[in-house]
2 protein chains.
Amino acid sequence: MKTVTIKDLARSLNLSTSTISRALRGSSEIGVETKKRVLELAQRLDYNPNPVALSLLSSQTNDIGVIVPEIANPFFAIVIAGIEDVAFAQGYHVVIYQSHEDYEREVLNVKHIYNRRKDGLLVSVSTSTKDYAHFKTIHERGFPIVFFDRICEEIDTHNVSVDDFEGAYKATEHLIKQGCERIAHVSGPAHLLISRRRLHGYRAALLDYGRPIQDDWVVAAAYNTTSALVATRGLLAKPERPDGIFASSDNIAIGCHSAITEAGLTMPDDIALVGFSDLPMAALLNPPLSSVAQPAFEMGRSAAELLINLIRNPREHSTSISNVLKTSLVVRKSSLRGTAVVKNDE
Amino acid sequence: MKTVTIKDLARSLNLSTSTISRALRGSSEIGVETKKRVLELAQRLDYNPNPVALSLLSSQTNDIGVIVPEIANPFFAIVIAGIEDVAFAQGYHVVIYQSHEDYEREVLNVKHIYNRRKDGLLVSVSTSTKDYAHFKTIHERGFPIVFFDRICEEIDTHNVSVDDFEGAYKATEHLIKQGCERIAHVSGPAHLLISRRRLHGYRAALLDYGRPIQDDWVVAAAYNTTSALVATRGLLAKPERPDGIFASSDNIAIGCHSAITEAGLTMPDDIALVGFSDLPMAALLNPPLSSVAQPAFEMGRSAAELLINLIRNPREHSTSISNVLKTSLVVRKSSLRGTAVVKNDE
DNA sequence: GTGAAAGCGCTAACAT
DNA sequence: ATGTTAGCGCTTTCAC
């Protein structure tokens, strides 16, 4: 694993290392002839500067760390694609970390990112995180952080999210317009802001349309299918069974979907169902799942732009930017009653 | 972003940096009293050794690079979980790269991994890769590489795969036993070994059971849903429509699934369908998809073990290990005719 | 038991 | 236009 260094070039060419260095980086104060010889030899020997040495010198790595709960969740996979899109263009490499919804793991990830001198951090917090000290500590030391999707209000830094309230409102409104009388909500963990915002949107729509708000029609689940399946079974067992469900995420909606099918009920007639995120898999379910589409790729792009900006212009103590993106409701068969044509995007 | 260095400790304690260094790493030749003072101060000041400096010194990063086509593909997401499982336990951090099935991108990834001094490479090659020079070059320089899933035969190094032949054989045999007479195969790109092996398994089963092998019942698709959808439409338009399809992957099977439904045909009666990989989503389709399950997590674990072994015992010029894992057929409704009970794992 | 010095690969003053 | 020196943070001879 012998690699060629700047020293090797210097020796071969009978020049000093600084001359080589300058030639390589195209400094103007170098003999054009010398420059050519250096470049040529470097090429021939496949010289590559050692980025580790560069990092030590500049104390920056050109890496940005991204922490997501799970890469297996297509939503995050797409966000990451958006992040990579702008990071790559700006010369940064993105290093992906998974918290697996585990607080301890998240803390470890943050430490690793900070200690390994990543240039900044993009993060969507884990569901089990209730204490934000690990973020706060490095934020106070001036380490650039941008939150996305599952943001943390306690820390004053840029963040990117979608208009969860409005998305939830539109979904609920749609269910009302489909003639649902008893609309339930399968929510996410209450300490996550997105859960609360979606819950508020749901409530606001019911209120605006003069529908009763029943607390026992709101059940909480973790943001996964199994947990939602269990929660929905409980909902369906109630004497006054709901005829419409707004799920706080698509993974939750899939759990609802299974529970409904399992109970021998049909969508949308017995129960109309709407999810949140519009993952690719939504269209594959039977019946296909209506869902509030989030601009995941754009979210990634925006978060990366804000972070890179923060890295390059450290703390002008300007106020933090909250970029709130728009959602759009994609109606499919799981919620569309009657004979109207189904909007199909596949 | 001021961080505390070994020098700071030295100054505070009126000791030399070498003493600090020794105390920190518990060298035995240090005064027990001094050692205590150092450790305590380090603790108090939250001292963390600069890993970049360590890397420069040792020319190893404790990072291993992993290249997969897409993290959004749950199969790879699970393999990565397996990799992280053993890497983490061995003190390595895994850095994920996506080729997005793009050759150029893969080359860039390999360069980055090599130049940034990662300790080794785990890779499942992109579909568009036909030239393996980028791997060969670094392999010849002694850089540790292990291939998994989509392996490269041209390079003599460890690799981990599943018994694609047997998996395909079992799937096809199952279709035959379900009474299918005209069994088609939607294959993957022919230059990928997994595609060819699965194709061979399919052919062998037909042969063993005395079924005719018709070349026009084999169509190739990329390993994605859209491409498979198109290919399957072609298949269904044939005068002698197949009554069974073995798909070379689950993503392909989903495309088949859509095409079949779209044509107004039913599974399993009109056409029985079997996929490959048994992704979580297979069970969610309607009807649920039968599939050849791959031990993805175990594949990741094994690949990581082999790589770490290679890193720690560089090239004893021992022969390369090919670890071939077993598959198992998961039968669901998409292929199970008659009244038998469906195995349901959800 | 502890310190001084060299060096990992590179760049950036500061010479000349 | 090119060479010399110092230093990024750390470990490791080699001295004493």
Side-chain angles (χ1 to χ4, degrees), chain A residues 1-42 45-63 91 112 114-119 141, chain B residues 1-42 45-63 91 112 114-119 141:
Chain A
M1 284 284 308
K2 180 65 194 149
T3 52
V4 23
T5 76
I6 221 170
K7 246 187 198 164
D8 300 323
L9 301 183
R11 208 174 311 116
S12 297
L13 262 37
N14 248 304
L15 289 168
S16 76
T17 58
S18 31
T19 304
I20 306 291
S21 173
R22 280 185 279 243
L24 254 18
R25 45 193 38 259
S27 165
S28 56
E29 42 168 25
I30 284 289
V32 63
E33 178 55 32
T34 318
K35 193 182 288 188
K36 208 163 80 182
R37 288 172 57 218
V38 172
L39 255 27
E40 199 186 279
L41 184 67
L45 263 45
D46 188 30
Y47 166 79
N48 282 96
N50 184 335
V52 179
L54 259 7
S55 288
L56 184 57
L57 212 49
S58 65
S59 56
Q60 55 161 43
T61 55
N62 292 319
D63 283 341
H112 195 273
Y114 181 75
N115 285 334
R116 297 280 282 242
R117 310 300 197 270
K118 305 303 178 199
D119 292 353
R141 294 189 193 169
Chain B
M1 283 284 308
K2 180 67 195 147
T3 53
V4 24
T5 76
I6 220 169
K7 246 187 198 163
D8 299 323
L9 301 183
R11 209 175 308 116
S12 296
L13 261 37
N14 248 302
L15 289 169
S16 74
T17 58
S18 28
T19 304
I20 305 291
S21 172
R22 278 185 280 243
L24 252 20
R25 47 193 37 259
S27 165
S28 56
E29 42 167 26
I30 284 290
V32 63
E33 178 55 32
T34 318
K35 193 183 290 189
K36 209 164 79 184
R37 287 173 55 219
V38 172
L39 255 26
E40 199 186 278
L41 184 66
L45 263 44
D46 188 28
Y47 166 78
N48 282 98
N50 184 335
V52 179
L54 259 5
S55 287
L56 182 58
L57 215 47
S58 65
S59 56
Q60 53 162 43
T61 54
N62 293 318
D63 282 341
H112 195 273
Y114 181 76
N115 286 334
R116 297 279 282 241
R117 308 300 197 269
K118 306 301 177 199
D119 293 352
R141 294 188 193 169

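These figures come from a predicted structure and were not determined experimentally. Atom set for the values below is all heavy atoms of this structure, side chains included, hydrogens, waters and symmetry mates excluded. Every chain is numbered from 1, with letters handed out A, B, ... down the list of sequences.
In this structure, the side chains of D46(B) and N48(B) come closer than 4.5 Å at one or more pairs of heavy atoms. You'll find the side chain of P49(B) stays beyond 4.5 Å of the side chain of L24(B), heavy atoms only. Between V38(B) and L13(B), some side-chain heavy-atom pair lies under the 4.5 Å cut-off.
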Going 5' to 3' through nucleotides 9-16 of chain D and flagging B where a protein heavy-atom sits under 4.0 Å of the base, S where only the sugar-phosphate is that close, and - otherwise, we get BBBBB---
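Between atom OG of residue S58(B) and atom CG of residue D119(B) there is a gap of 8.0 Å, rounded to the nearest 0.5 Å. Taking CG from N50(A) and CG from L57(A), the interatomic distance works out to 11.0 Å, rounded to the nearest 0.5 Å. Atom OG1 in T5(A) sits 10.0 Å away from atom CG in L45(A) (nearest 0.5 Å).
You can see that DNA chain C meets the heavy atoms of chain B within a 4.0 Å-exclusive cut from dG1(C) to dG9(C), reading 5' to 3'.
Note on the helix from dG1(C)-dC16(D) to dT16(C)-dA1(D): angle between the axes of the first and last five pairs equals 50°, rounded to 10 degrees.
A donor-acceptor pair under 3.5 Å is absent between the side-chain atoms of T17(A) and the main chain of I6(A), judged by distance alone.
Between the side chains of S16(B) and T19(B), a donor-acceptor pair is found at a separation under 3.5 Å.
N14(B) comes within contact range of the sugar-phosphate backbone alone, with a heavy-atom separation under 4.0 Å but no base atom that close. Residue-level contact check: S59(B) touches neither bases nor backbone, having no heavy atom under 4.0 Å from any strand.
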Could you please spell out the steps behind the salt bridge (Lys or Arg N to Asp or Glu O under 4.0 Å) verdict for D63(B) and R116(A)?
CA-CA 11 Å; D63(B) 282 341; R116(A) 297 280 282 242; 2.7 Å; yes
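Distances shorter than 4.0 Å separate none of the side-chain N or O atoms of T19(A) from OP1 or OP2 on dT2(D).
Screening E33(A), K35(A), E40(A) against R37(A) for a side-chain contact (heavy atoms from CB on, under 4.5 Å) leaves a single residue, E33(A).
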